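A short worksheet on the structure shown next.
In this chain, numbering begins with 1 at the start of the sequence shown. As the structure is a prediction and not an experimental result, all values here were calculated from the model.
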Amino acid sequence: MLTRPDFDVACKQLVEKYSGTPSSLRDDPMRCWEWHEHPTFSGLGYLSRSIRVEHRPGISPSLDADALMISEDALEPLDDAAIFNDSQAMVATLDVTQFIVHSATFQVPAFYFTVRDTQGSPLTLPQLMNTTLFHSTALEGTEPSANFALNTVSGPFPMLSQGDHPTLGTPCWFLHPCETAPSITELLNGEEMNNPSPLRVLEVWLLFISSAVNLRVESGHRRSA
């Protein structure tokens, strides 16, 4: 669907087309990306951007079952300062670095990312599922596998898994690209496009990914390293 040269062209055109575009529900998935070349080897470029998300309201993802056992002493009234500190902890922002890389196996773009807390520590899978990075409906019909993958109940491949960034070699989470090509082909057929440009393929792919991942950037875009 997208050869490596087509992927490189599409990524650079995406950056140029949406540079300086104001925030909007339609364009946010396309905005604020930066193109990076490998310092030594050609054909390993990728896009990245950094944003912030939050924990979903509710029980803190760091709490386990034992922590939910409430003693009589814990029922004593809290002062205003303690309540304020707890509420601040519940809405602490998380740093997310998002990547668009080329999948040589499936010949499609692939979405990789990392999420870290305010101390710089990576999130576990249960913590990750309790953030605003994913739309809540995207997690329906999935189940965790140990602490390193999120499986779809009816599918042979995990929806979410862990692996090394194909260029940087650093640990990341990624959305498995196995079903990407058929989905993008169906969307492009709906637009009645017989020979879509590489840029249009990438734009449609981002819209497809945004059905599962919150790609809005209004919560705080930061330039990626």
Within a strict 4.5 Å, meaning less than it, do heavy atoms of the [X] and [Y] side chains meet?
| X | Y | result |
| --- | --- | --- |
| Met129 | Pro144 | yes |
| Phe208 | Leu187 | yes |
| Ser210 | Arg216 | no |
| Glu16 | Leu199 | no |
| His55 | Asp117 | no |
| Phe41 | Thr167 | no |
| Val108 | Leu2 | no |
| Leu128 | Leu160 | yes |

- Set of side-chain hydrogen bond (donor to acceptor under 3.5 Å, both in side chains) partners for Ser161, sequence neighbours left out: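 For Ser161, no residue satisfies side-chain hydrogen bond (donor to acceptor under 3.5 Å, both in side chains) once neighbours in sequence are set aside.
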- Query: Do NZ/NE/NH1/NH2 and the carboxylate oxygens of Asp8 and Arg4 come within less than 4.0 Å?
  - Reply: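 Judged by the 4.0 Å cut-off on N to carboxylate O distance, Asp8 and Arg4 do form a salt bridge.
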- Using a strict 4.0 Å threshold on nitrogen-to-oxygen distance, state whether Arg116 and Asp95 make a salt bridge.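 No, Arg116 and Asp95 are not salt-bridged.
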- side-chain contact (heavy atoms from CB on, under 4.5 Å) with Phe106: which of His176, Glu179, Met1?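 Exactly one pass, corresponding to His176.
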- Name of the residue among Tyr112, Phe99, Trp33 meeting side-chain contact (heavy atoms from CB on, under 4.5 Å) with Tyr46: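 So the option named by the test is Phe99.
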Distance from [X] atom [atom1] to [Y] atom [atom2], nearest 0.5 Å?
| X | Y | atom1 | atom2 | answer |
| --- | --- | --- | --- | --- |
| Leu207 | Ile184 | CG | CD1 | 8.5 Å |
| Lys12 | Leu14 | NZ | CG | 13.0 Å |
| Asn214 | Glu54 | CG | CD | 10.5 Å |
| His102 | Phe7 | NE2 | CZ | 7.0 Å |
| Asp27 | Leu215 | CG | CG | 12.5 Å |
| Leu202 | Leu206 | CG | CG | 5.0 Å |

- Please lay out, stage by stage, how Leu150 and Leu139 fare under the test side-chain contact (heavy atoms from CB on, under 4.5 Å). CA-CA 9 Å; Leu150 189 64; Leu139 302 179; 3.7 Å; yes
Distance-minimising heavy-atom pair for [X] and [Y]:
| X | Y | answer |
| --- | --- | --- |
| Arg49 | Asp28 | NH1-O, 3.0 Å |
| Gln127 | Pro122 | OE1-O, 4.5 Å |
| Cys11 | Leu47 | SG-CD1, 3.6 Å |
| Thr3 | Gln107 | CA-OE1, 3.4 Å |
| Thr97 | Ser50 | OG1-OG, 3.6 Å |
| Trp173 | Thr124 | CZ2-C, 4.5 Å |

- Assess whether atom CD of Glu186 is packed by more than 12 heavy atoms of other residues, nucleotides or ligands within 6.0 Å.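 Count not over threshold, so no.
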- Do the side chains of Val9 and Leu188 join up, straight or via other hydrophobic residues, at under 4.5 Å, putting them in one cluster?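 Result: no, two separate clusters.
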- Task: Indicate if Leu44 and Ile100 have the same hydrophobic cluster label, given that clusters are the connected sets of ILVMFWY residues with side-chain heavy-atom separations under 4.5 angstrom.
- Result: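 Cluster IDs for Leu44 and Ile100 differ.
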- Message: Does Arg31 form a side-chain contact (heavy atoms from CB on, under 4.5 Å) with Ser24? I'd like the steps, not just the answer.
- Response: CA-CA 9 Å; Arg31 296 176 57 245; Ser24 70; 5.7 Å; no
